[in-house]
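Below, read A as the first sequence line, B as the second, and so on, with proteins coming before strands; counting in each chain starts at 1.
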Amino acid sequence: MNVETSMKSFQQQKANHINNTSSAKTKSYFESEQAKDRLARRILLDRVLQKVFFLSTIFALLVLGILLQRIIGNSIGWLNLDFLTGRLSINPDKAGISGAIIGSLWLMSVVIPVTLVLGVSTAIYLEEYAKNPKLKNLINTNISNLAGVPSVIFGLLGLTVFGRLLGLGSSVLAGGLTLSLLGLPIVVVSSQEAIRAVPGFLREASYAMGATKWATIRRVVVPTALPGILTGAILAVSRTIGETAPLVVLGIPTLILKSPQGVMDDFTTLPIQIYYWTLDTVLTREYANLAAATIVVLMVVLLTLNASAIIIRNKFQRRY
Amino acid sequence: MLNQEKRKQPQGENSIYKVSHLNLWYGDFLALNDLTFDIQEKEVTAIIGPSGCGKSTFIKTLNRMVELNTNVRTEGEILYHDENIFGDAIKVETLRTQVGMVFQKPNPFPKSVFENVVYGPRIHGINDKNKLMEIAEISLTNAALWDEVKDRLHKNAYDLSGGQQQRLCIARSLATEPDVLLMDEPTSALDPIATYKIEELIDQIKKDYTIVIVTHSMQQASRISDKTAFFLMGELIEYDKTEKIFSSPADQRTEDYITGRFG
């Protein structure tokens, strides 16, 4: 049926409908008892669902609230400057987390450059150079899948490749490279999005000046995409800084009395410390307080990182 | 004589571009059909014609920007200073340095005014601060923008008005010291006053540069150009001195277009 005839039949139906309603106005369906019943039920359903959705929201918040209240309650009296600057100790009164903080910092000093260099390079290749759309799709799908792989699997990969094959053991470098794999998909995807958002007319302007592809990428594309790239990098850091499972698989030791001095040293991190203290609570009850205090420190770090990602995204958003 | 007629070349002048039997396809679509004509040095050449007639495609071919589109194929040759721009002897980067381009919509980089102007010099390896400042002042002065921006060289270029942004883009092109300036409807996004300033600017710089300008405005073409080329459906219908085109066009289709009977 072509458009004209379908339009005609539609208008006819409409005319019929108007005629019917006007001729039988008293028997209009919308005024029948049955319809009124249904309407009342629909309105009731609407109200009930509103409450259900509200309670669902409250439930998640409530759990978070209880968690925060217990953790903060447990950490009171334990979280102080001595705790932050003190060394690890079997004696809970003397124990501090300076080693774990320094370990986490060392770990990030490997994760940040590795994920940024590899991630941004991958994104540049996929967005600026890759020509074959099928290949691009294949790589993109794999990267998205990589982001969904459980972190413990990355731990096994790290143990096999970095720990054993490359003989890095349980050093900062082995842990950092393993966690970099975990952060990489986040940096790649967010950098890709940021690069894709750079408008074509800026690239055109650059090429029209006689710029090469690389000069255009270095001076126009990457600087314009930088806020998005940095946001991704910070999110990758905040994802990896809280990771425990891959490091446990790598065999990060529980008690390190010496803070790491370089990337080849053994180390411990904040989440590892939380994990072991929580495990050993059965032996020494005060370890629960130490774990709670460490959680508070880790959460402050995470919130700061995420907040700075949001601030960077909003503040440095470019106009063009 | 026959050859002269065929090339549609006004006599006794230096041509900077010699276009011969240029065909260009987007996929299967023939966008430019057997163009043959010369563009004279240090003149303003206007290209007019209805939408989709290939005028933008043509000036983007002059600096090979058209190749950024996918599925573009060209045939024939364009000699620039007697060198085929599609040949191996001339690198596309070199060509684009000597042939600057100003786009329809002002497209400054999201950088400071200063960094916009010195973009070209920087990518060609000039890093000396004093030298760059000198280039910026000369280029902005030539683009009639210096007095308006000299106190805010380090402010974001997007704080400028649309007309100022377009003159900044012209200054940016001038900074690489090109011979040719291609302008693709440079005033179509601007108000009449900003348009007037750009036209005034073209008038001032035309003694030093060869300018090829695509325009939708016939008044603009008649005001600023020395030669006018009329394109229709990818073909060059008529190419002559601007006064001639607008007073007594040789082709009926040209007359129909400039008198507003179509397009």
message: Is B:Arg64 in contact with chain A via its backbone, its side chain, both, or neither, using a 4.5 Å heavy-atom distance?
response: neither

message: Please report the interatomic distance OG1(A:Thr216) to OH(B:Tyr119), rounded to the nearest 0.5 Å.
response: 4.5 Å

query: Is B:Glu177 atom CD crowded by more than 12 heavy atoms from other residues, nucleotides or ligands, each under 6.0 Å away?
result: no

Chain A contact via B:Val92 - which portion, at a heavy-atom distance below 4.5 Å: neither

message: Using a 4.5 Å heavy-atom cutoff, which residues in residues 203-213 of chain A come close to chain B?
response: A:Glu204, A:Ala205, A:Ser206, A:Tyr207, A:Ala208, A:Met209, A:Gly210, A:Ala211, A:Thr212

query: Sequence neighbours excluded, which residues qualify as salt bridge (charged side-chain N to carboxylate O under 4.0 Å, His left out) partners of B:Glu93?
result: none

query: Would you say B:Asp28 has more than 12 foreign heavy atoms packed within less than 6.0 Å of its CG?
result: no

- prompt: Between A:Ala215 and B:Ile123, what is the shortest heavy-atom contact and its length?
  reply: CB-CG2, 4.2 Å

Shortest non-hydrogen contact from A:Leu202 toward B:Asn107: CD2-O, 4.2 Å

query: Using non-hydrogen atoms only, which part of B:Phe103 is less than 4.5 Å away from chain A: side chain, backbone, both, or neither?
result: side chain

